[in-house]
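All chains are named by letter (A, B, ...) in the order of the sequence lines, taking the proteins before the strands, and each is independently numbered beginning at 1. None of the values given here were measured: they were computed from a predicted structure.
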Amino acid sequence: MPQIKAPKGVADILPAQVRDWQRMERIIRRTLEAAGFAEIRLPIFEVTELFARSIGAETDIVSKEMYTFQDRGGRTFSLRPEGTAGAVRAYLEHRLYHGASDCRLYYLGPMFRAERPQAGRFRQFNQVGVEVFGLSEPGVDAEVIAVLMEMFTRLGLAGLRLDLNSLGCPECRPGYLRQLQCFLEAKRLLLCTDCQRRAEINPQRVFDCKQPGCQGILEDAPKSPDSLCAACRDHFRRVCDCLEQLGYAYQLNSRLVRGLDYYNRTAFEIVSLKLGAQNAIAGGGRYDGLVELLGGPSTPAFGYAIGLERLNMLLQLPSEPVQPWIYLVLLGDEAKRQGLLLLQELRKAGLSAQMGHQNKSLKKQLQHANKLEAPWVLILGEDELAAGNVILRDMRQGTQEELLQEQLIGKLKGIWTTKS
RNA sequence: GUGGGUGUAGCUCAAUUGGUUAGAGCGCUGGACUGUGGAUCCAGAGGCUGAGGGUUCAAGUCCCUUCACUCACCCCA
């Protein structure tokens, strides 16, 4: 029987790593909550149509990367490939647009895409999603990006680049796309086969091509920021102004195109200079038409997602001081019995403790305590039982003292509060 | 979906142009040391060399197939 393994592209986060994840999540939550975002917990699967309508049926994500299945009633569901669609659905379903004029949400959890895994890309991966509904002002775009940048500062990240672009709106984008398509059509035979294909499906993608030949040709191609309508140009300018005022450097990147159909106007990405090919650790933008597209009132919106695995790969958090705890070394059957009681007493007093259950020699039990890196050990054997004492051993100092059992908890609390 | 790289002990890696019984370090278990950890020394356990087929007197090594992992393309967090 072959060993059963986790599916391809799906990873366990082992106990040794979980502490770092929890710290990362704690910093993220605090930053977002201080900025007025409230957590929402969303389902991991939704009806497939939700994703097809919001992300776009022709996008790669929907057309070939979703895990889709039917339930017994024949209804078709998909594991969520991203979070915005579900957030918008919940926003509408629970009428969150009533009450306050704007709504700020964040969520954290796994997303699923059936892609070929590689460095920084997984089939199940965790994202933090952040969404603001109901505000169209350019200052919102800048503020939300600023919160993200501040979060990265708190996480101790360096070597990041903020890329910025404007995709236009339903007024000006179609004109631009037509212009670009004409250009590409004229140069069609000079482009690589990949680009010829891109030119038809998603023309803006040609800008991502790495072929030197294509790059040369595209020098003269129309750029989206040049053909924005007056309103979009003004919005973009003001986003840039705000970011500059806040002191955040950014790079205009007219090649930045998002792979989801719902974006308009501001699009941004934060890339790390320290990762491999999959180097975007956060990305998002404005999606003013999506709420309405899904049957809600016309509602502007802005949001982004952070890739937590990629973020985690970059983190070098300083190690935290070990929390004090006690390992109980018990010698003999009677001591084991007493030890179980003592263990419970310690825990009830709010102290962290474990005991050695196996009846091994003192030496072996101490070795075990050492391996577990227990800072404190309690020794209870026949001699101590007879005298009503326990030995409290400081494993780091290598010193110990014998004291009355009744004094133990008071003593420990004293030590731990003064040391911390 | 398309390419490249890599598969030997729990982990990191050796093994001559194909040549006897596949080794080492770390880790693990036990001992030296009967109730005192970390150091040292000794011993032990642990392998269908990813799987299947082929070539050969002989395969961890060469060939084919397959699987897994990995990096990259595509695309994205």
Side-chain angles (χ1 to χ4, degrees), chain A residues 2-11 55 58-65 80-84 108-130 148 192-195 197-198 201-202 205 208-211 256-260 263 267-272 275-284 303-314 327 329-332 335 356 358 360-385 391-400 402:
Chain A
Q3 179 68 39
I4 296 178
K5 299 197 294 185
K8 189 197 286 289
V10 168
I55 300 168
E58 303 306 317
T59 59
D60 282 13
I61 291 177
V62 169
S63 65
K64 53 188 195 197
E65 293 174 2
R80 61 184 186 188
E82 57 97 49
T84 299
L108 187 156
M111 306 294 164
F112 305 83
R113 291 182 202 171
E115 301 178 277
R116 190 83 154 240
Q118 71 185 77
R121 194 173 71 186
F122 311 91
R123 290 187 169 178
Q124 173 174 335
F125 57 99
N126 290 282
Q127 283 190 339
V128 169
V130 173
L148 177 61
C192 70
T193 53
D194 271 350
C195 280
R197 189 172 46 80
R198 291 188 185 106
I201 303 167
N202 190 347
R205 282 265 163 237
D208 284 337
C209 186
K210 278 125 192 152
Q211 301 280 336
L256 174 61
V257 184
R258 316 247 68 233
L260 296 76
Y263 286 109
F268 77 97
E269 222 169 71
I270 293 176
V271 301
S272 165
L275 290 177
Q278 309 302 323
N279 63 357
I281 58 175
Y304 62 81
I306 309 170
L308 291 183
E309 280 78 5
R310 291 179 189 176
L311 185 57
N312 187 56
M313 286 190 274
L314 293 170
Y327 185 84
V329 168
L330 307 160
L331 301 164
Q358 291 179 305
K360 295 194 171 175
S361 70
L362 174 59
K363 187 185 186 68
K364 289 296 167 198
Q365 293 195 56
L366 279 173
Q367 270 176 10
H368 192 227
N370 191 50
K371 227 168 286 169
L372 295 175
E373 295 180 323
W376 299 96
V377 161
L378 223 55
I379 301 170
L380 188 61
E382 284 168 20
D383 299 348
E384 292 75 24
L385 274 179
I391 293 172
L392 176 61
R393 182 171 179 81
D394 181 336
M395 293 294 276
R396 283 185 273 206
Q397 303 298 321
T399 57
Q400 64 186 36
E402 190 157 354

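- Between the CD1 atom in A/Ile55 and the CD atom in A/Glu65 there is a gap of 10.0 Å [rounded to 0.5 Å].
- The side chain of A/Lys64 places no N or O atom within less than 4.0 Å of a non-bridging phosphate oxygen (OP1 or OP2) of B/G1.
- Ion pairing between a basic and an acidic side chain is recognised when a charged N comes within 4.0 Å of a carboxylate O; A/Glu115 and A/Arg123 show no such pairing.
- Remark: the separation of the C1' atoms in B/G47 and B/C28 is 16 Å, to the nearest Å.
- The side chain of A/Lys364 places an N or O atom within less than 4.0 Å of a non-bridging phosphate oxygen (OP1 or OP2) of B/G30.
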Handout entry: Secondary-structure notation, RNA chain B, from Watson-Crick and G-U pairs under 3.5 angstrom (| other strand)
Key = (((((((..((((.....[...)))).(((((.......))))).....(((((..]....))))))))))))....
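- Residue A/Ala369 is classed as having no contact, given no heavy-atom separation below 4.0 Å to the nucleic acid.
- Distances shown here put every side-chain N or O of A/Lys360 at or beyond 4.0 Å from the OP1 or OP2 atom of B/U29.
- Residue-level contact check: A/Glu65 touches the backbone only, with heavy atoms under 4.0 Å from sugar-phosphate atoms and none from bases.
- Taking 3.5 Å as the limit, the base of B/C75 and the side chain of A/Arg121 contain a donor-acceptor pair of atoms between them.
- Taking atom C1' in both B/G54 and B/A59, the straight-line distance is 11 Å, to the nearest Å.
- When all heavy atoms of A/Gln365 and A/Tyr327 are compared, the closest pair comes out as O-CE2, 3.9 Å.
- Of the P atoms belonging to B/G27 and B/U70, the separation is 27 Å, rounded to the nearest Å.
- Among the atoms of the strands shown, none is found under 4.0 Å from any heavy atom of A/Gly284.
- A donor-acceptor contact under 3.5 Å is not formed by the side chain of A/Gln118 with the base of B/C75.
- When the C1' atom is used for both B/A15 and B/U20, the distance is 14 Å, rounded to whole Å.
- Here, B/U55 and B/C64 have their P atoms 15 Å apart, quoted to the whole Å.
- When the C1' atom is used for both B/C41 and B/C33, the distance is 12 Å, rounded to whole Å.
- Straight-line distance between the P atoms of B/G30 and B/G60: roughly 35 Å, to the nearest whole Å.
- With hydrogens and angles left out, the side chain of A/Glu384 and the base of B/G35 share a donor-acceptor pair within 3.5 Å.
- B/U61 and B/U56 have their P atoms separated by 16 Å, given to the nearest Å.
- For the residue pair A/Glu309 / A/Asn126, a side-chain donor-acceptor distance below 3.5 Å is found, with atom types taken as modelled.
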